[in-house]
Amino acid sequence: MTDRDDAYDPQAVEEKWQRLWVERRTHVTDLKSAKEPYYNLMMFPYPSAEGLHVGNAFAFIGADINGRVQRLQGKNVFEPMGFDAFGIHSENFAMQRNTHPARLIPANISQFQRQLKRLGLMLNWEHELSTTDPDYYKWTQWIFLQLHKAGLAFRKKAAVNWCPECKTVLANEQVINGFCERHPTVAVTQKFLEQWFFAITKYAERLLKNLETLDWSASTRVAQENWIGRSVGAEIRFKAPTGGEVTVFTTRPDTVFGATFLVLAPEHPLVESVTGQECRADVNAYRRKAAAMDVVTRRVGSKEKTGVFTGGYAKNPATGENVPIWIADYVLMGYGTGAIMGVPAHDERDFEFATKYKLPIVQVVDGGAEKTELPFSASDGKLVNSGKFNGVSCDDAIPAITTWLAEKKLGTLQVQYKLHDWCISRQRYWGPPIPVIYCDACGIVPVPEKDLPVILPLIEDYRPDDSGVSPLARHEEWYRVPCPTCGKMGRRETDVSDTFLDSAWYFLRYPSTGFKDKAFDPATTKRWLPVNSYIGGNEHAVLHLMYSRFTTMVLKDLGLLDFEEPYVRFRAHGTIVKDGNKMSKSRGNVVIPDNFVAQWGADTFRMYMMFLGPYQVGGDFRDEGISGIRRFLDKLWGAVAAADKKKNPADFEATRRKVHQAIRKITADMVELRYNTAIAALMECLNVLRAECGEGGVPAELVEPMVILISPLAPHFAEECWERLGHKTSVVDATWPAFDEALAREDEVELVVQVNGKVRGRLKVARGISQDDAVKLALADEGVKRFIEAKPVRKAVYVENKLVSLVV
RNA sequence: GCCCGGGUGGUGUAAUGGUAGACACUGGGGACUUAAAAUCCCCUGGGGGCAACCCCGUGCAGGUUCGAGUCCUGCCCCGGGCACCA
């Protein structure tokens, strides 16, 4: 047998092991009997027609490595995969291709499956799911019904983006600077439609509070915190002389004496009643203009402020003076009360508005020593022009004035959140129909659970039209349905639900995919949930993760789950760029794994991806670097071939020490997802082994741990090596190697000697020598002596086994 | 504007406050070969020196410390997210 014949052939090795894994059901965990369940979740993909790209691959490989490490450490790992195939992306893509999403999706999914399988992921395909499968969305609809039953699903009119050219509702990300992404010259407008919402804001405090208890990436937690956006302030009532009152929300009740005007959002319900006859025409024109603007442009903060006077007045509860009421689109109906008190001296936006419209500006906070320039929005000052509160610091005045107003029944302490209720309605076709029937006699009637699923009918003409009504409304025989309560003819809800609802609960379904009669089986769920490890991209830091936390909390409150946080540990992976640039279709630099896998093999590709940089940061995909990984695997292959069971590790002291050091380092790195440095440690270890053993044989006892350590990274390669080392069972059933601290220890260490902070010498010394001995040796060193000369040593710092620092 | 990341050789990157550049890639030199590929060995931050060695160097300016890539203060640049949230 020559070296040539026995060279590492990744294609052959990978084909063999992928076949054996399927035959032996290596990756199928028995969910019922698992003693140490470990639910290893990764974010299921949207199966695009382009197929899996390196971004997906990077995410999945990193999560898979985590699962494999856990399995070697004794856990029963469940690693499922599924497809998030509903939604506007699939629908738009199908329209472009003049086909139907239902015809497109299966091909895309099988393409993804092929690519995923080729990567050697430890996936349990027996629990695969697809959100478009009626067996799945039956339960998505069921979840809707549970929320509805709990009073958390409600209808409300809300603005949507509308493109008059494509005559359809657009998602926010399809609006580019106020124009439709497909018609760059057509301004997007807004339409008001009745929509279904979930009352996630009722859970705001709990969603915020629980974050402290979660083992999540800090960046993700912070993003959630900001999104919830809790702020404490006061609601203050301004009474109109004509009757009625305007309630405003402010975080600065201390500045109420400086409130010289009020601003309502144009859509505010009180606008009608406060508007005076002489202003009505202007007000109506302004409101029409605001209504015509699309939702996205409306929220852009850079544009100049506009507004009109309503002719109405209300009494400032602090000063007792009447202040004018304006409307302006910089005040948003969706936050607080949709009305603000204008304090131009201490708020930049109000200042800009007051300056433009010549409204009075009254300073009520003095910023201290340097003359305070207005607007002064900081809260480190003392009150002026504020009656009995003059001289009080802002921090003290905030509670004091809130209490004072509360006593007069003109204000209350109030906590506000930026988080808004979750709009789940989509006036589109490609999603699960919302399971509701409208009856003229009975009103809104939820579809009885026994009638689920409400099947999405396969209609060819699924394109949205200019009615603003979902395409399903055109499908009469589906749309008309008897009322479940009274039996008279009713109408189905024709909106479908948001894809985020599909993904809000998919982790609950995976372990229970076999159960046809329930969304999730209580016993299975109890054993396997919550999810032990969830790895995914920070692009879902806010919406997906927030919605699935909310859904879980609601199900817990309904007594259907016994935990309220779905993901015990969440880690955000980084992003892969290409030669320093973001990958994108328009740049034409999107890397597809297939060619790399075909040329180098999945194992080399997996390891290279993980070697690009820290997993939680990302890295730069350069084509040249991958050969280094392959060279490493070739060398390790050679070391395995030369392994000798009869050799004694004690005769290979340097290698043995390095192996134990590598086990120590890699064990720590792997659980922290530091795959790049774990790979470097493996390389270092092999370099030492080769230096010590040369071409000759290596003690098998020293190569075996390396094979186990590399197996999560290069699973097929490791299986083949393991077999060649004489093992009859799969390497996935091996035991993670333990290190011996004594064997890992270096007996001789290099001591650095610094003189006045500069390195002047390096000494080889016995481990653990005393400070006195170390200093003595340092002073005896020729190189060190030259820099000390005759000067007395004023100070000596000794760090054991590391350095001696001398100050002269 | 606000909130997260990040700025270290030719490149990707590594360094519990303790030897800056581990591990790789690229490039250069050599060995083997009729030759090439593969493989193996050596060199590869800048400057000075025949050499032993020395000086400089982690975006910029300061500070703390015996000692700073790492900690503190103030900036600059790049990437991402949020954005009139009262």
Side-chain angles (χ1 to χ4, degrees), chain A residues 3-4 7 217-223 225-227 229 231 233 248-252 255 263 298-303 305 328-332 334-343 346-350 352-353 377 416-420 538-539 541-542 572 574-575 577 579-582 608 611-614 616-629 631-632 634-635 638 674 676-687 690 695 750-762 782-783 786 793-799 801-808:
Chain A
D3 281 353
R4 271 273 149 247
S217 292
S219 57
T220 314
R221 265 197 335 247
V222 168
E225 232 173 87
N226 293 343
W227 188 258
S231 54
V248 302
F249 173 72
T250 177
T251 53
R252 294 294 303 277
T255 63
V263 187
R298 174 70 191 279
R299 295 167 76 96
V300 167
S302 53
K303 69 176 174 90
K305 295 196 176 12
D329 67 3
Y330 82 91
V331 175
L332 306 174
Y335 182 77
T337 61
I340 61 152
M341 61 180 196
V343 185
H346 306 291
D347 182 284
E348 277 164 43
R349 297 155 300 182
D350 297 344
E352 190 193 326
F353 192 75
S377 55
Q416 274 301 334
Y417 302 90
K418 284 185 202 167
L419 183 72
H420 42 261
N538 243 351
E539 67 272 19
V542 177
T575 47
V577 298
D579 301 321
N581 296 303
K582 194 178 171 179
Y608 183 53
F611 193 57
L612 293 175
Q616 293 178 74
V617 176
D620 195 343
F621 194 97
R622 295 165 312 121
D623 300 358
E624 311 88 66
I626 195 165
S627 58
I629 298 289
R631 281 204 269 268
F632 165 70
D634 282 334
K635 288 179 207 168
R674 292 188 299 251
N676 57 330
T677 51
I679 292 169
L682 279 166
M683 289 173 166
E684 249 182 273
C685 186
L686 183 65
N687 289 345
R690 281 163 55 84
E695 294 297 306
E750 195 176 58
L751 211 57
V752 169
V753 184
Q754 294 182 349
V755 178
N756 291 341
K758 294 204 171 200
V759 177
R760 298 302 182 188
R762 291 146 212 261
E782 280 306 320
R786 289 198 327 220
V793 174
R794 288 194 287 126
K795 184 172 180 182
V797 177
Y798 177 56
V799 181
N801 303 324
K802 286 250 168 82
L803 96 169
V804 176
S805 182
L806 304 169
V807 186
V808 294

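Only a predicted model underlies this, so the values are computations on that prediction, with no experimental measurement involved. Residue numbers begin at 1 in each chain, while the letters A, B, ... track the order of the sequences.
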Closest to the [X] side chain: [options]?
{"X": "Glu684(A)", "options": "A86(B), A22(B), U26(B)", "value": "A22(B)"}
{"X": "Lys758(A)", "options": "U26(B), U19(B), C56(B)", "value": "C56(B)"}
{"X": "Met683(A)", "options": "C84(B), C23(B), U13(B)", "value": "C23(B)"}
{"X": "Lys305(A)", "options": "U26(B), A15(B), C84(B)", "value": "C84(B)"}
{"X": "Arg690(A)", "options": "C40(B), C84(B), C4(B)", "value": "C40(B)"}
{"X": "Phe611(A)", "options": "C82(B), U19(B), G12(B)", "value": "G12(B)"}
{"X": "Val759(A)", "options": "A20(B), A14(B), A86(B)", "value": "A20(B)"}
{"X": "Glu624(A)", "options": "C25(B), A24(B), G12(B)", "value": "C25(B)"}
{"X": "Leu803(A)", "options": "G18(B), U19(B), A24(B)", "value": "G18(B)"}
{"X": "Lys582(A)", "options": "G80(B), A15(B), C54(B)", "value": "G80(B)"}

Would you classify G9(B) as syn or anti? Syn applies when the glycosidic angle is within 90° of 0.
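Chi for G9(B) falls in the syn range.
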Pick base, sugar-phosphate or nothing for [X], based on heavy-atom distances below 4.0 Å to the nucleic acid.
{"X": "Thr575(A)", "value": "nothing"}
{"X": "Asp350(A)", "value": "nothing"}
{"X": "Arg674(A)", "value": "nothing"}
{"X": "Leu612(A)", "value": "sugar-phosphate"}
{"X": "Val807(A)", "value": "sugar-phosphate"}
{"X": "Val797(A)", "value": "base"}
{"X": "Ser805(A)", "value": "base"}

Determine: side-chain N/O of [X] to OP1/OP2 of [N], distance under 4.0 Å, yes or no.
{"X": "Ser231(A)", "N": "A86(B)", "answer": "yes"}
{"X": "Arg786(A)", "N": "A52(B)", "answer": "no"}
{"X": "Arg622(A)", "N": "G10(B)", "answer": "no"}

Using only modelled atom types and a 3.5 angstrom limit, is any donor from either the side chain of Gln754(A) or the base of G18(B) paired with an acceptor on the other?
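Answer is yes: a donor-acceptor pair is held.
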Donor-acceptor pair present, Glu750(A) side chain and U19(B) base, under 3.5 Å
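When only heavy-atom distances are counted, Glu750(A) does reach the base of U19(B) through a donor-acceptor pair under 3.5 Å.
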Determine the stems involving RNA chain B; a stem requires 3 or more consecutive pairs of the Watson-Crick or G-U wobble kind, each with both distances below 3.5 Å, and the answer is none if no such run exists.
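Stem segments, range with range: B:1-7 with B:76-82, B:10-12 with B:23-25, B:27-31 with B:39-43, B:45-48 with B:53-56, B:59-63 with B:71-75.
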Distance-only, no hydrogens or angles: does the Thr337(A) side chain make a donor-acceptor pair with backbone N or O of Ala339(A) under 3.5 Å?
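Checking the backbone N and O of Ala339(A) against the side chain of Thr337(A), a donor-acceptor pair under 3.5 Å is found.
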Nearest-nucleotide wise, let me know which of Ala223(A) and Asp347(A) is further upstream toward the 5' end of RNA chain B.
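Its nucleotide being nearer the 5' end, the pick is Ala223(A).
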Once you round to the nearest 0.5 Å, how far does CZ of Phe611(A) lie from OG1 of Thr677(A)?
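The CZ atom of Phe611(A) sits 10.0 Å away from the OG1 atom of Thr677(A).
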